[in-house]
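Just so it is clear, the values below take in all heavy atoms, side chains as well, and ignore hydrogens, waters and symmetry mates. Letters A, B, ... mirror the listed sequences (proteins, then strands); counts begin at 1.
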Amino acid sequence: MRRLFSSYLNYRSVFNSRKTRKDVKDMAKQVFIDSAADYLGQEVVINGWLYNKTHKGKLAFLMIRDGTGIIQAVVFSGNVSEELFEQCIHLPQESALRVTGVLKEDKRAKGGCELQVDTLEIIHIAEEYPITPKEHGTDFLMDHRHLWLRSSRQHAIMKIRHQIIKACRDYFDGLGFTLIDAPIFTPSVCEGTTTLFETDYFESKAYLTQSGQLYMEAAAMAFGKVYCFGPTFRAEKSKTRRHLTEFWMIEPEMAYCDLSQDMDLAEGMIEYVVQQVLENRKDELETLERDTGRLEKIVRPFPRITYDEAVQILHEANAEFKDGDDFGGGDETIISDKFEKPVMVTHYPAQVKAFYMKTDPAKPDRALCVDMLAPEGYGEIIGGGQREDNLDILLTRIKEHNLPADAFKWYLDLRKYGSVPHAGFGLGIERTVAYICGLQHIRETIPFPRTIYRLYP
RNA sequence: UCCGGUGUAGCUCAACCGGCAGAGCGGGUGGCUGUUAACCACUAGGUUGUAGGUUCGAGUCCUACCACCGGAGCCA
């Protein structure tokens, strides 16, 4: 696949420069660094940026990155002009380079393979680069997020983020789900529990969505099994390592589905996602120094406990906790520390949950809901449950929560025309990335984080 | 919003009881054919977050403000 891609690029550049067939034969092959080992002994071209450099006498060592990896290019002053060698020694970090040379195995090079440079074309000489290979503070790095993404650690996180999103989508697609996008502008509250971002919408107001769920319920009645994947906005002034004002959620919803089937789907998805990352992103997990032993244990079945059992754990740990409350971040850590795998907590008191949660017919003060708490203190990564499908009960709930009934007219229609038991959940992508990567803070899990104090870059 | 902490060179940080503003990295110049965050020598680089105050003297003490960090609440 990689070869196909690089030969495609080669074909394109040749095509664009109107080279003849003979010239093509003479030209060195353009390759990406992650496939360099396939071209040992061959003359190749690498397009990239200078990641780091050092020099010793007549040798210049250029660490070049191209987005797929990093390779050492060695320039010997005897092989190039004096002028070019001088330039190499003085090249600023992140200068853009096109390097041609022979790929050779060499134990002295990182990665065991290096490029012996024959010619080097300087595409752009960078200005003095602010991010050096030394340490920097988070605030400084976040101010330079657009450049920070080039560094190997951030690169690894984004590759794993990509893998997680791909795995989620593959999982649902493989089970016959249909992707149905939910709107970003909404006329009113979705859950009524959180603070929303308000925007001018011509002569009226609109709010940025805090969940696509209600729309997914409509879609599930049309397509059976659906999911949406999009950004979500919360205007809460949260200031913790687990919060962003803009984050991404993947939200499946299924018709003819109860709480236990919903939980089967959730644990199946997490198992698949974790195993996919372990299989395909070994190098990146190593870059992040993630303890993969803990991830390898993430296989079904996951523990399932009730809210009451979770409260019992808190009491045994002598945690300060009032029965009937929702769990705080510290409570979640105490509960999840009891288990090696993600734990699913069900049957919370109905009053701490959203209006659309179906209550347990056996215990009407409890909701048929589930929160999945990730191990190692990463907190809630999934929240979901069975939805209230009875029109009259739903109307009562809306009143109890002081929500505007007219705004929910369309939603109530779903309970008038073929209402069925249905359930779904929402997975917070960034918390999942933080957990799988083993990161201290959620802000590194998204390319350009938005927090209460950060809207730049 | 509340509680706690930090703010000194481009970056990361020192500066003891209030007494000459420092180092490493990065930048510049020079040296060396195997460096891995190289090394060696030399060199430039400062309104100590802002505004007041106390003092013979303030990076250091006091007041206010600003910015950021950590935590709480709220939540995925």
Just by modelled atom types, is the A/Pro301 backbone N or O under 3.5 Å from a matching donor or acceptor in the A/Lys341 side chain? yes
To the nearest angstrom, how far is A/Tyr348 atom OH from B/C74 atom P? 13 Å
Check whether any side-chain N or O of A/Glu271 sits under 3.5 Å from a backbone N or O of A/Arg300 as a donor-acceptor pair, and report yes or no. yes
Taking B/A76, B/A37, B/U12 as options, the one with an atom nearest any side-chain atom of A/Phe140 is B/U12
At under 4.0 Å, does any side-chain N or O of A/Arg108 touch on OP1 or OP2 of B/U35? no
If we take the P atom in both B/C61 and B/G19, what is their distance in whole Å? 11 Å
Which nucleotide in the set B/C11, B/G26, B/G30 lies at the smallest distance from any side-chain heavy atom of A/His90? B/G30
Taking B/C75 as the reference, what is the distance to B/A37 when you measure between their C1' atoms (whole Å, please)? 40 Å
Between B/C74 (C1') and A/Glu236 (CD): distance, integer Å: 5 Å
Can you confirm if the aromatic rings of A/Tyr171 and A/Phe177 lie within a centre distance of less than 6.0 Å? no
Specify whether A/His136 and A/Phe140 have parallel, tilted or perpendicular ring planes, treating 30° as the upper limit for parallel and 60° as the lower limit for perpendicular. parallel
Of A/Asp139 and A/Thr245, the one whose closest RNA chain B nucleotide lies more 5': A/Asp139
Which label fits A/Trp410 and A/Tyr215: parallel for a plane angle under 30°, tilted from 30 to 60°, or perpendicular past 60°? parallel
No-H, no-angle donor-acceptor pair, A/Arg431 side chain to B/C75 base, under 3.5 Å: yes
Using OP1 and OP2 only, check whether a side-chain N or O of A/Arg443 sits under 4.0 Å from B/G70. yes
Return the nearest nucleotide to the side chain of A/Thr240; candidates are B/G70, B/G73, B/A76. B/G73
Identify whether the glycosidic angle of B/C61 places it syn (within 90° of 0) or anti. anti
B/G27 P sits how many Å from A/Glu128 CD, rounded? 7 Å
Of the nucleotides B/G26, B/A76, B/C32, which one has an atom closest to the side chain of A/Thr132? B/G26
Identity of whatever pairs with B/U63 - Watson-Crick or G-U, under 3.5 angstrom: B/A51
Aromatic ring of A/Phe61 stacked on base six-ring of B/G34, 5.5 Å, 30°: no
So what does A/Gly137 hit on the nucleic acid, given a heavy-atom distance under 4.0 Å: a base, only sugar-phosphate, or nothing? sugar-phosphate
Taking atom C1' in both B/A21 and B/A64, compute the distance separating them and give it to the nearest angstrom. 27 Å
Give the rounded distance in Å between these two atoms: CD of A/Glu127 and P of B/G27. 14 Å
Now, which nucleotide makes the Watson-Crick or G-U wobble pair with B/A58, with each of the two distances under 3.5 Å? none
Taking B/A23 as the reference, what is the distance to B/A41 when you measure between their P atoms (whole Å, please)? 14 Å
Contact class for A/His136 (heavy atom, under 4.0 Å): base, sugar-phosphate, or nothing? sugar-phosphate
Scanning all shown strands, the Watson-Crick or wobble mate of B/A15 with both distances under 3.5 Å is none
Look at all strands and tell whether A/Glu246 reaches a base, only sugar-phosphate, or nothing, counting heavy atoms closer than 4.0 Å. nothing
Value in whole Å for how far the P atom of B/C68 lies from CE of A/Met142: 13 Å
What integer distance in Å separates A/Ile70:CD1 from B/U35:P? 19 Å
Across the strands shown, which category fits A/Ala60 at heavy-atom distances under 4.0 angstrom: base, sugar-phosphate, nothing? nothing
Which part of the nucleic acid, if any, lies within reach of A/Leu59 when heavy atoms closer than 4.0 Å are counted: base, sugar-phosphate only, or nothing? base
By nearest heavy atom, map A/Gln93 and A/Leu244 onto RNA chain B; which one lands nearer the 5' end? A/Gln93
A/Tyr348 six-ring centre to A/Lys353 NZ/CZ under 6.0 Å and within 45° of normal: yes
Any base atoms under 4.0 Å from A/Asn52, or only sugar-phosphate, or nothing? Heavy atoms, all strands. sugar-phosphate
Under 3.5 Å on both distances, the Watson-Crick or G-U partner of B/A41: B/U29
Any base atoms under 4.0 Å from A/Arg241, or only sugar-phosphate, or nothing? Heavy atoms, all strands. sugar-phosphate
Quick one: label A/Gln72 by what it contacts on the DNA or RNA (base, sugar-phosphate, nothing), any heavy atom closer than 4.0 Å. base
Under 3.5 Å side-chain donor-acceptor pair for A/Glu444 and A/Gln154: yes
May I ask you to check whether A/Phe408 and A/Phe355 place their ring centres under 6.0 Å from each other? yes
P atom, B/A72 versus B/U47: distance in rounded Å? 38 Å
So A/Ile382, base contact, sugar-phosphate only, or nothing? Heavy-atom distance under 4.0 Å. sugar-phosphate
Please state how far atom CD in A/Gln213 lies from atom C1' in B/A76, giving the value in whole angstrom units. 13 Å
Are OP1 or OP2 of B/G34 and a side-chain N or O of A/His55 less than 4.0 angstrom apart? no
For B/G46, what is the paired nucleotide under Watson-Crick or G-U wobble rules, both distances under 3.5 Å? none
Check every strand shown and say whether A/His144 touches a base, only sugar-phosphate, or nothing at a heavy-atom separation below 4.0 Å. nothing
Nearest-Å distance for atom pair CD1/C1', residues A/Ile442 and B/G71: 16 Å
Using the P atoms only, state how far B/G27 lies from B/G10, rounded to an integer number of Å. 15 Å
Can you tell me the pairing partner of B/G70 across any strand shown, Watson-Crick or G-U wobble, with both distances under 3.5 angstrom? B/C3
What do the steps show when you test A/Val99 against A/Ile64 for side chain to side chain contact (heavy atoms under 4.5 Å, CB included), and what is the final call? CA-CA 9 Å; A/Val99 191; A/Ile64 294 174; 3.3 Å; yes
